[in-house]
Amino acid sequence: MRKLIEYDHLSIDGRFSGDDWWAAQMKVAPNDNHFGYQLRLLEQASGLVLGRVTYETFAATWPTMTGDLADKLNSLPKHVASTTLTETTWNAEVLAGDAIDAVAQLKKSGDGTLVKYGNGPFSRALVEAGLLDELHLSISPFVAGSGESLLSGISTTPMNLAGVTDIGNGAVVLAYTPSR
């Protein structure tokens, strides 16, 4: 059975969007440790799971990039949750039917790891369905003060700290596993 890992970028106050978040995030320069962490995560991946917005953003950006991280992201199969997308590019397929059921089937269909990027309602639904095996939070050293919160609105979900990695420039990645 495949493992599902979600990787998200957040501010110290748990935000992932908004004008203030983007302005502050642009001031935090990613370094080799940041890219290395993601590459190590992707080296064990057999595919990516993305919502429509993340897929469209990534598909417009990553195919034009170069380097080890870009090569790995570009080569992996992508599984996209969308009720409106009918066609894909960038080595992607739209998950058929209910996205949560489709991800459950993907997890059962092989070995390795599926890495999910992006956040919002799809992330919350995966957590609530008990499909997320690990949550890796890259915390950047700023308070956004506004913007959307990662998992707001879900029921209480206990997590266990599985690891802490200092990736430089004041940023850390906190890895959690759900308590089951």
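Position 1 is the first residue of the sequence, and the numbers go up from there. Below, each value reflects all heavy atoms present in this structure, side chains not excepted, and no hydrogens, waters or symmetry copies. Note that the coordinates shown come from a computational prediction; the quantities given were computed from them, not determined experimentally.
- For the 3.5 Å distance criterion, the side chains of Tyr37 and His136 qualify, holding a donor opposite an acceptor.
- Lys116 and Ser123 share a side-chain donor-acceptor pair at under 3.5 Å.
- Between Ala171 and Ser140, the closest heavy-atom pair is CB-CA, 4.4 Å.
- Between Ser46 and Leu114 the shortest heavy-atom distance is OG-CD2, 4.2 Å.
- Between the side chain of Arg40 and the main chain of Gly36, a donor-acceptor pair closer than 3.5 Å is present.
- Taking CG of Leu41 as the reference point, atom CD1 of Ile5 lies at 5.0 Å (rounded to 0.5 Å).
- Atom CD of Glu134 and atom OG1 of Thr113 lie 7.5 Å apart (nearest 0.5 Å).
- Looking at Leu126 and Leu4, their side chains come closer than 4.5 Å, going by heavy atoms from C-beta outward.
- Residues Leu42 and Leu73 meet the side-chain proximity criterion, which asks for heavy atoms closer than 4.5 Å.
- Both Val127 and Leu10 belong to a single network of hydrophobic side chains, linked directly or stepwise wherever heavy atoms of I, L, V, M, F, W or Y lie under 4.5 Å apart.
- For the atom pair Leu39 CG and Leu69 CG, the distance stands at 6.0 Å (nearest 0.5 Å).
- Closest non-hydrogen pair, Trp90 versus Pro63, comes out as CD1-CG, 3.3 Å.
- Checking Tyr117 against Gln38 by side-chain atom types alone, a donor-acceptor pair falls below 3.5 Å.
- Look at Glu56 and Lys78 and you find no salt bridge, because none of the NZ, NE, NH1 or NH2 atoms lies under 4.0 Å from a carboxylate O.
- Placement of Ile167 and Val172 in two distinct hydrophobic clusters is found when ILVMFWY residues are connected by side-chain heavy-atom separations under 4.5 Å, directly or transitively.
- In plain terms, the two heavy atoms of Ile12 and Ile139 that are nearest each other are CA-CG2, 3.9 Å.
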**Audit row: Thr88, Val94, side-chain contact (heavy atoms from CB on, under 4.5 Å) steps and yes/no** = CA-CA 7 Å; Thr88 61; Val94 175; 3.6 Å; yes

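- Here the two rings, on His34 and His9, have centers that are under 6.0 Å apart.
- The OH atom of Tyr7 sits 3.5 Å away from the OG atom of Ser138 when rounded to the nearest 0.5 Å.
- Every side-chain contact (heavy atoms from CB on, under 4.5 Å) that Asp101 has, sequence neighbours left out, goes to Asp98.
- In terms of modelled atom types and a separation under 3.5 Å, the side chain of Ser82 and the main chain of Thr84 share a donor-acceptor contact.
- Defined by atom type and a distance below 3.5 Å, a donor-acceptor pair is present between the side-chain atoms of Ser155 and Glu128.
- Side-chain contact between Asp8 and Leu135 is present, with at least one heavy-atom pair separated by less than 4.5 Å.
- To the nearest 0.5 Å, atom CG of residue Asp68 and atom CZ of residue Phe35 are 11.5 Å apart.
- Nearest approach of Pro178 to Leu132, heavy atoms of both residues: CG-O, 3.1 Å.
- Between the side chain of Arg124 and the backbone N or O of Leu150, at least one donor-acceptor pair lies under 3.5 Å.
- Ser75 places a side-chain N or O within donor-acceptor distance of the main-chain N or O of Lys72, the cut-off being under 3.5 Å.
- Side-chain contact, His79 with Glu93: a donor N or O sits under 3.5 Å from an acceptor N or O.
- Clustering ILVMFWY residues whenever any of their side-chain heavy atoms sit less than 4.5 angstrom apart, transitively, puts Leu95 in a cluster other than the one holding Val53.
- By the neighbour-count criterion of 12 heavy atoms within 6.0 Å, atom CG of Asp19 is sparsely surrounded, having that number or fewer from other residues, nucleotides or ligands.
- Put simply, the side chain of Val80 reaches to within 4.5 Å of the side chain of Leu85, judged on heavy atoms.
- With contacts defined as side-chain heavy-atom distances shorter than 4.5 Å, the pair Thr89/Tyr55 qualifies.
- Here the closest non-hydrogen pair linking Gly118 and Glu6 is O-OE2, 2.9 Å.
- Side-chain contact check for Val49 versus Val115: every heavy-atom pair is 4.5 Å or farther apart.
- A distance of 8.5 Å separates CG in Leu50 from CZ in Phe122, rounded to the nearest 0.5 Å.
- In this structure, Tyr176 and Leu161 have side chains that are in contact, with non-hydrogen atoms separated by less than 4.5 Å.
- Of the candidates Val103, Asp133, Leu106, Leu106 is the only one forming a side chain to side chain contact (heavy atoms under 4.5 Å, CB included) with Arg2.
- Side-chain contact check for Ile100 versus Leu131: some heavy-atom pair is nearer than 4.5 Å.
- Looking at Thr61, its side chain never comes within 3.5 Å of a backbone N or O of Phe58 through a donor-acceptor pair.
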